[in-house]
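Take this structure, written in structure tokens, and hold onto it; I'll ask about it next.
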Amino acid sequence: GGSDSASTTAAAAGESKAEGESAAAGESSAAADGAVFKIGGIGPVTGGAAVYGLAVQHGAEVAVKEINEAGINGAQIEFQFQNDEHDAEKSVNAYNTLKDWGMQALVGTTTSAPCIAVADKTAADNMFQITPSGSAVECAANPNVFRVCYSDPAQGTASAKYIGEHKLASKVAVIYDSSDVYSSGI
């Protein structure tokens with residue numbers, strides 16, 4: 001319903017809505033008043049796995065720029081990315097830094113070991129977490145964590161199935177590094 005700016009702003013601030021005022025009107029007003037979604041990201045931007053973290057960081061920055069051109073019902077996204085150097089302890093520290101900043105959702109972490117370390121923290125905080133590439137099964141074991149990519153076992157199974165269905169080989173050899181968690185997971 002048509003309400004004036006003051007009552008819409010009051011509704012967005014948690015006060016009672018005028019009769020017939022929609023929730024969307026309150027949300028739109030909140031957005032018009034500078035509402036922002038704070039999204040954090042974590043991944044390696046230095047070290048041996050930096051190529052993965054930089055890809056996630058840059059991809060998220062492009063998405064945020066494109067989304068902010070129109071906004072989300074007038075709201076904007078603030079994005080902050082933290083370097084964990086593919087280290088679990090540094091990833092937890094990065095998570096705490098983002099949480100102190102006011103993060104509302106987490107994109108990350110990028111690699112599996114740090115993702116596993118952070119997943120229990122996000123579960124305890126009931127923080128939405130989506131990992132773009134944490135493929136270890138344990139990364140998405142908590143109900144608040146989602147994964148964009150396949151899990152390690154699914155990757156190996158899908159590869160074998162594809163090779164078999166398309167008759168790409170009659171014999172397959174797999175070489176892997178048993179000291180590497182990623183290799184062992186597949």
Side-chain angles (χ1 to χ4, degrees), residues 37-70 72 77-95 98-99 103-186:
F37 294 108
K38 290 188 171 188
I39 300 175
I42 303 173
V45 296
T46 58
V51 66
Y52 305 112
L54 288 168
V56 169
Q57 178 185 13
H58 295 157
E61 288 170 349
V62 168
V64 167
K65 182 180 178 205
E66 289 178 2
I67 292 166
N68 280 344
E69 287 176 5
I72 303 169
I77 295 173
E78 287 183 18
F79 179 70
Q80 187 181 123
F81 197 88
Q82 295 286 312
N83 181 13
D84 68 6
E85 300 175 34
H86 182 57
D87 177 271
E89 184 178 342
K90 289 179 181 177
S91 195
V92 170
N93 291 338
Y95 173 72
L98 290 168
K99 197 170 79 167
M103 172 180 62
Q104 297 163 296
L106 174 63
V107 176
T109 67
T110 303
T111 54
S112 290
C115 188
I116 294 166
V118 168
D120 286 338
K121 306 297 182 196
T122 63
D125 293 335
N126 196 30
M127 174 78 62
F128 177 86
Q129 179 182 355
I130 186 163
T131 176
S133 50
S135 56
V137 172
E138 298 85 357
C139 288
N142 295 327
N144 65 301
V145 183
F146 299 87
R147 175 192 348 258
V148 174
C149 70
Y150 44 78
S151 66
D152 290 341
Q155 180 182 189
T157 303
S159 297
K161 185 176 178 182
Y162 183 86
I163 291 168
E165 287 176 355
H166 292 86
K167 301 185 184 338
L168 299 176
S170 57
K171 293 182 181 181
V172 176
V174 177
I175 300 172
Y176 68 97
D177 179 355
S178 61
S179 67
D180 181 61
V181 175
Y182 180 68
S183 291
S184 299
I186 294 176

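Heavy atoms only: backbone and side chains are in, while hydrogens, waters and symmetry mates are out. Please read all numbers here as calculations on a predicted model, not as lab measurements.
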* For Ala49, which residues count as a side chain to side chain contact (heavy atoms under 4.5 Å, CB included) partner, sequence neighbours excluded? -> Pro44, Tyr52, His86, Thr111

* To do: Please name all residues satisfying salt bridge (charged side-chain N to carboxylate O under 4.0 Å, His left out) with Lys167, sequence neighbours left out, ordered by chain then number.
  => none

* Return yes if some donor-acceptor pair links the side-chain N/O of Asn68 with the main-chain N/O of Ile77 below 3.5 Å, else return no. => yes

* Please examine the side chains of Met127 and Met103, heavy atoms only from C-beta on, and report whether any two atoms are closer than 4.5 Å. => yes

* Identify the two heavy atoms, one from Gln129 and one from Thr109, that lie closest to each other, and give their separation to 0.1 Å. => NE2-N, 3.7 Å

* Is there any salt bridge (Lys or Arg N to Asp or Glu O under 4.0 Å) pair reaching into residues 41-60, and which pairs are they, with sequence neighbours excluded? -> none

* Results of salt bridge (charged side-chain N to carboxylate O under 4.0 Å, His left out) for Asp120 - residues two or more places apart only -> none

* Ala124: side chain to side chain contact (heavy atoms under 4.5 Å, CB included) partners, not counting sequence neighbours -> none

* List the atom of Phe79, the atom of Ala60, and the distance in Å for their closest heavy-atom pair. => CZ-CB, 3.5 Å

* Residues that Lys99 engages under salt bridge (charged side-chain N to carboxylate O under 4.0 Å, His left out), provided they are two or more places apart -> Asp125

* Backbone of Thr131 reached by a side-chain donor or acceptor of Thr110 within 3.5 Å -> no

* Supply the atom-to-atom distance Ile42 CD1 to Gln57 CD, rounded to the nearest 0.5 angstrom. => 12.0 Å

* If every non-hydrogen atom of Asn142 is compared with every non-hydrogen atom of Ala119, which pair is closest and at what distance? -> ND2-O, 3.1 Å

* Asked: Can you list the residues that meet the salt bridge (charged side-chain N to carboxylate O under 4.0 Å, His left out) rule with Glu69, with sequence neighbours excluded?
  -> none

* Determine the minimum heavy-atom distance between Ile72 and Ile67, stating which atoms define it. => CG1-CG2, 3.7 Å

* **Heavy-atom pair of closest approach, residues Val118 and Ser91** => CG2-OG, 3.3 Å

* **Listed partners of Glu78 passing side-chain hydrogen bond (donor to acceptor under 3.5 Å, both in side chains), at least two apart** => none

* Asked: Got a sec, which residues hit side-chain hydrogen bond (donor to acceptor under 3.5 Å, both in side chains) with Gln104, two or more places apart in sequence or on another chain?
  -> none

* For Phe37, what residues pass the ring-ring contact (aromatic ring centres under 6.0 Å, His included) criterion, not counting sequence neighbours? -> none

* Asked: With sequence neighbours excluded, what pairs up with Ile116 under the side chain to side chain contact (heavy atoms under 4.5 Å, CB included) test?
  -> Ala136, Glu138, Cys139

* To do: Find out whether Ile39 and Val64 are in side-chain contact, i.e. whether some heavy atom of one side chain is under 4.5 Å from a heavy atom of the other.
  => no

* **Other residues, nucleotides, ligands: >12 heavy atoms within 6.0 Å of Lys65 NZ** => no

* Would you mind listing every salt bridge (Lys or Arg N to Asp or Glu O under 4.0 Å) that reaches into residues 81-92, with sequence neighbours excluded? => Glu85-Lys90

